[in-house]
Amino acid sequence: MPIETVHAASVPPQIFSYQGRLANSAGDLLTGTYYFKFALWDSLSGGNQLWPATLTSVSATVTQGVFTVNIGDTANGYPTPLNLDFSNQSALYLEVKVSSNNSSFETLSPRQQ
């Protein structure tokens, strides 16, 4: 009887869910509509921004500090498809920028691996 080998294809994600907690400098949890910009980098600091080519903001409702965004979900309002080839990366770091007015953004630190 011949032995069959099964190979699984590794498909890069097209959407990933990100949940965060947002608080002010005093540690108070925030509530309301906030604007976020997400980018993937090849380093914890410095380095090269790998995705997206142009940062675009997305709004999210923050409730008692908690928010969830489906990064890359263009069918449900996310502005940029997640088209990065993950197979060529040994480590990626997510940078998050946030704004209450969609104009002045603060970069949260550190980037998350």
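When the ring-ring contact (aromatic ring centres under 6.0 Å, His included) test is applied to Tyr34, no partner is found at least two apart in sequence or on another chain.
There is a path of hydrophobic side-chain contacts, each under 4.5 Å, that joins Leu92 to Leu94.
Here the straight-line distance linking atom CG of Leu40 with atom CD of Gln89 works out to 9.0 Å at 0.5 Å rounding. From Thr74, atom OG1 reaches atom CD1 of Ile15 across 7.0 Å, with rounding to the nearest 0.5 Å. Annotation: the span from Phe86 atom CZ to Leu50 atom CG amounts to 9.5 Å, rounded to 0.5 Å. Interatomic distance, Leu44 CG to Tyr93 OH, rounded to the nearest 0.5 Å: 6.0 Å. To the nearest 0.5 Å, atom OG of residue Ser100 and atom CG of residue Asn24 are 11.5 Å apart.
Closest approach of Ala39 and Leu55 over heavy atoms only: CB-CD2, 3.8 Å. Closest approach of Thr80 to Thr54, counting heavy atoms only: OG1-O, 4.4 Å. For the pair Ser99 and Asn101, the tightest heavy-atom approach, listed with the atom from each and the gap, is OG-OD1, 2.8 Å.
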Identify every side-chain donor-acceptor pair in residues 56-69 under 3.5 Å, counting partners at least two apart or on other chains, and give the distances.
unit_1: Ser57; atom_1: OG; unit_2: Asn102; atom_2: OD1; d: 2.7
unit_1: Thr68; atom_1: OG1; unit_2: Gln19; atom_2: NE2; d: 3.2

Report task. Please test Asn76 against Asn70 for side chain to side chain contact (heavy atoms under 4.5 Å, CB included), starting from the C-alpha separation and ending with a verdict. Result -> CA-CA 9 Å; Asn76 289 304; Asn70 289 323; over 6 Å; no
Requested in this report: Could you give me the CA-CA distance, side-chain angles and deciding distance for Phe36 and Leu108, then say whether side chain to side chain contact (heavy atoms under 4.5 Å, CB included) is met?
Outcome: CA-CA 10 Å; Phe36 296 88; Leu108 304 182; 5.6 Å; no
**Report entry** CA sep, side-chain torsions, deciding dist, call: Leu29, Arg21, side chain to side chain contact (heavy atoms under 4.5 Å, CB included)
**Finding:** CA-CA 8 Å; Leu29 299 177; Arg21 184 170 174 242; 3.3 Å; yes
Query raised in the report: When you look at Phe16 and Phe38, which way does the side chain to side chain contact (heavy atoms under 4.5 Å, CB included) test go after all the steps?
Result: CA-CA 12 Å; Phe16 71 86; Phe38 297 93; over 6 Å; no
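Listed for the Gln112 side chain is a donor-acceptor partner under 3.5 Å among the backbone atoms of Pro110. The backbone N or O of Lys97 sits nowhere less than 3.5 Å from a side-chain atom of Thr107 that would complete a donor-acceptor pair. In terms of modelled atom types and a separation under 3.5 Å, the side chain of Asp42 and the main chain of Asn48 share a donor-acceptor contact. Using a distance-only test at 3.5 Å, with no hydrogens or angles considered, a donor-acceptor pair links the side chain of Trp51 to the main chain of Pro81.
Hydrophobic cluster of Tyr35: the remaining members, joined at side-chain heavy-atom separations below 4.5 Å, are Phe105, listed by chain and number.
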